[in-house]
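Only a predicted model underlies this, so the values are computations on that prediction, with no experimental measurement involved. Remember, it's 1-based here, ligands and their atoms both numbered in the order they're listed.
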Amino acid sequence: MLDYHDALATLLAGLTPPAADETLPLSAAANRTLSRALPARVDTPSFDNSAMDGYALCDPDATRTAFCVTARVAAGDNAAGVALEPGEAARIFTGAPLPAGATAVVAQEDTRRDEDALHLDQPPRAGQHIRRRAEEYAAGGVLLAEGARLTPAAIALVASQGYAALPVRPRLAVTVFSSGNELAEPGAELLPGQIYDANRYQLIAWLAGFDVTVRDGGILPDDAAHTRAALAEASLASDVILTSGGVSVGEEDHVRAALEAIGTLTAWKLAIKPGKPFAWGQAGRARVFMLPGNPVATFVTFFLLVAPALRALSGEAAAAPRALPVRAAFVKGKLEPRREFLRARLRVEDGALLADLMAGQGSAMLSACAGADALVEIPPAATVAEGDLLNAYLINGAFQ
Ligand SMILES: Nc1nc2c(c(=O)[nH]1)N[C@H]1C(S)=C(S)[C@@H](COP(=O)(O)OP(=O)(O)OC[C@H]3O[C@@H](n4cnc5c(N)ncnc54)[C@H](O)[C@@H]3O)O[C@H]1N2
Ligand code: MOO
């Protein structure tokens, strides 16, 4: 069985985004990934300007407390014709260009004004409240690297540089199937032996956090020919196919065999708990990820493997999940040969993050999963004492 970290590295190394790219207007590019690096077009700030509403002062020796107001500059004004001599001040506003000769800006609440006379309690510090041209970054450098995801902050950054359209990776088409004769649609009446399909809706909900087109493939019955045909059909129209269930060792587990019949099975079985029977491969151009049926195993393997794979296929440079160090607020004596990802709630105490385990760690127990802040990673065959440092991966939007 593969270790999780080796499996993730192998998986990501084998994934490259589709070569095509497209150009989208800024307003449609959120959450996409840049298909090439963007250079900074202009110095930022692009001119010296005021960080405060107040007065620009000319005081080369930083000794004066009395000034004469001789000019006014607002944001959007051209200050080219304005110059200050020692002892002169200009009324100025946040973002307004600094007049020639200004050595400092003072906030208006730190001044007293009487007609054109301006008084300060103490001389200004040279350079205070001035945002200098290019102090943040200069034109010509890399603004955003290839593979950067277009978060709201990244969109603001490129907009601030005047980019109106961006080169991005194409949107992936993802088809989602559930598998199993026991599954019924939520809303329907349950027959004896049936359970509601939780995983397809879980996966569709996960995918809402990615900029992908979702195709709902429905529920596959436990039937080899049907499963093969459905996967083959989906592979014609999908970049990614996700299935859950039917990937273990029972004779009603048909999904893995179906992939072997129509494509390639690359890997099967990871030394993780939950999630052991996870498998991946390829059918035509579609990458296929087969998630275990137990709903928490589906959750954990989506988070740990499929989400990074989707990021990599979307061209994102930083695809692997990032862990935070937390202190165990629990003990664990039982040795588990597989790497475990336990559902935990986090709290802050004395400046440290502490992890409390949720009650109900079974891989079918969704309630603990839905209430958790993090997956806490327990290395293979490890015991845990209170206070031990562990890796935690934030889930469910925790701490946001
Ligand atoms: N003899 C063995 N049996 C099992 C093994 C094993 O190694 N040897 N592994 C166990 C582990 S671990 C897991 S995880 C499960 C995964 O099996 P499958 O991926 O084949 O999933 P199923 O057998 O189809 O279902 C498992 C479980 O999950 C329920 N399920 C399935 N799909 C859904 C869904 N869409 N929504 C809600 N619940 C779902 C299903 O009813 C079963 O209870 O195998 C163990 N067995
Ligand atoms: O590995 Mo399974 O996912 O524990 O139930």
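- Using modelled atom types, one finds a donor on one side chain and an acceptor on the other under 3.5 Å when comparing Y55 with R113.
- Within ligand 1, the atoms closer than 4.0 Å to a non-hydrogen atom of P277 are 13 (C), 14 (S), 16 (C), numbered from 1 in the order shown.
- The pair E185-R200 meets the salt-bridge criterion, with a side-chain N (NZ, NE, NH1 or NH2) lying under 4.0 Å from an Asp/Glu carboxylate O.
- Judged by distance alone, the side chains of D53 and T94 do bring a donor and an acceptor atom under 3.5 Å apart.
- Between the side chains of Y137 and Q161, at least one donor-acceptor pair of N or O atoms lies under 3.5 Å.
- Protein heavy atom at the shortest distance from atom 23 (O) of ligand 1 is D253 OD1, 3.8 Å.
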Show every donor-acceptor pair shorter than 3.5 Å between a side-chain atom in residues 167-175 and any protein atom, with sequence neighbours excluded, or say none if there are none.
from : atom 1 : to   : atom 2 : distance (Å)
R169 : NH2    : E146 : OE2    : 3.2
R171 : NE     : D211 : OD1    : 3.2
R171 : NH2    : D211 : OD1    : 3.0
T175 : OG1    : R215 : NH1    : 2.8
T175 : OG1    : S238 : OG     : 2.6

Before giving the answer on salt bridge (charged side-chain N to carboxylate O under 4.0 Å, His left out), spell out for R72 and D77 the whole-Å C-alpha distance, their side-chain angles and the decisive distance to 0.1 Å.
CA-CA 9 Å; R72 182 180 191 277; D77 285 354; 5.4 Å; no
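- Atom 34 (C) of ligand 1 has its nearest heavy-atom neighbour, among T243, V249, N199, L366, in N199.
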Show the atom names and distances, to 0.1 Å, of all donor-acceptor pairs under 3.5 Å that link a side chain in residues 325-334 to residues at least two apart or in another chain.
from : atom 1 : to   : atom 2 : distance (Å)
R327 : NH1    : G387 : O      : 3.0
K332 : NZ     : K334 : O      : 2.8
K332 : NZ     : E340 : OE1    : 2.8

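- Close contacts of ligand 1 with G245, meaning ligand atoms under 4.0 Å from a residue heavy atom, involve 19 (O), 21 (O), 24 (O).
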Using the rule given for side chain to side chain contact (heavy atoms under 4.5 Å, CB included), can you reason through K276 versus F278, listing the C-alpha separation, both sets of side-chain angles and the distance that settles it, and then say yes or no?
CA-CA 6 Å; K276 180 175 67 173; F278 183 82; over 6 Å; no
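- Side-chain contact, S178 with N199: no donor N or O sits under 3.5 Å from an acceptor N or O.
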Contacts table for ligand 2: protein N or O within a distance under 3.5 Å of ligand N or O, distances only.
from     : atom 1 : to   : atom 2 : distance (Å)
ligand 2 : 1 (O)  : G275 : N      : 2.8
ligand 2 : 1 (O)  : K276 : N      : 3.0
ligand 2 : 1 (O)  : R338 : NH1    : 3.0
ligand 2 : 3 (O)  : G275 : N      : 2.5
ligand 2 : 5 (O)  : N294 : ND2    : 2.9
ligand 2 : 5 (O)  : S363 : OG     : 2.4

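- Looking at ligand 1, you won't find any N or O of A297 less than 3.5 Å from one of its N or O atoms.
- Residue contacts with ligand 1 for D197 involve both N, CA, C or O and side-chain atoms from C-beta outward (heavy atoms, distance under 4.0 Å).
- With side-chain heavy atoms closer than 4.5 Å counting as contact, directly or through intermediates, L191 stands alone and belongs to no larger hydrophobic cluster.
- The part of I195 lying near ligand 1 is the side chain, judged by heavy-atom distances below 4.0 Å.
- Regarding atom 14 (S) of ligand 1, its nearest protein heavy-atom neighbour is N294 ND2, 3.4 Å.
- Of all the atoms in ligand 1, the ones that sit under 4.0 Å from a non-hydrogen atom of A198 are 34 (C), 36 (N), 37 (C).
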Derivation and outcome, salt bridge (charged side-chain N to carboxylate O under 4.0 Å, His left out), residues R287 and D239
CA-CA 6 Å; R287 307 283 176 165; D239 300 296; over 6 Å; no
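- Within the structure, ligand 1 lacks S363 among the residues with a heavy atom less than 4.0 angstrom away.
- Near V247, the atoms of ligand 1 lying under 4.0 angstrom from a non-hydrogen atom of the residue are 18 (P), 19 (O), 20 (O).
- Distances between N or O atoms of G293 and those of ligand 1 include at least one value under 3.5 Å.
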Derivation of the salt bridge (charged side-chain N to carboxylate O under 4.0 Å, His left out) call for R64 and D59
CA-CA 6 Å; R64 295 170 196 258; D59 183 20; 3.6 Å; yes
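- Looking at S178 against ligand 1, only its side chain comes within 4.0 Å, counting heavy atoms.
- Side-chain atoms of E377 and Y393 include a donor-acceptor pair closer than 3.5 Å.
- At least one heavy atom of G246 sits closer than 4.0 Å to an atom of ligand 1.
- Residue A364 places no heavy atom under 4.0 Å from ligand 1.
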What's the verdict on side chain to side chain contact (heavy atoms under 4.5 Å, CB included) for L394 and L346, showing C-alpha distance, side-chain angles and the deciding distance?
CA-CA 9 Å; L394 294 181; L346 302 182; 3.6 Å; yes
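- Heavy-atom proximity to P295, at under 4.0 Å, picks out these atoms of ligand 1: 37 (C), 38 (N).
- A salt bridge links R339 and D3; the closest N-O separation between the charged side-chain nitrogens and carboxylate oxygens is under 4.0 Å.
- With a heavy-atom cut-off of 4.0 Å, S248 touches ligand 1 through backbone and side chain alike.
- Distances between N or O atoms of R338 and those of ligand 1 include no value under 3.5 Å.
- Given atom 41 (O) of ligand 1, the protein heavy atom at minimum distance is E182 OE2, 2.7 Å.
- In this structure, F303 and W206 have tilted ring planes: the angle between them lies in the 30° to 60° band.
- With ligand atoms numbered from 1 in the order given, ligand 1 contributes 36 (N), 37 (C) to contacts under 4.0 Å with heavy atoms of Y196.
- The shortest N/O to N/O separation between K276 and ligand 1 falls below 3.5 Å.
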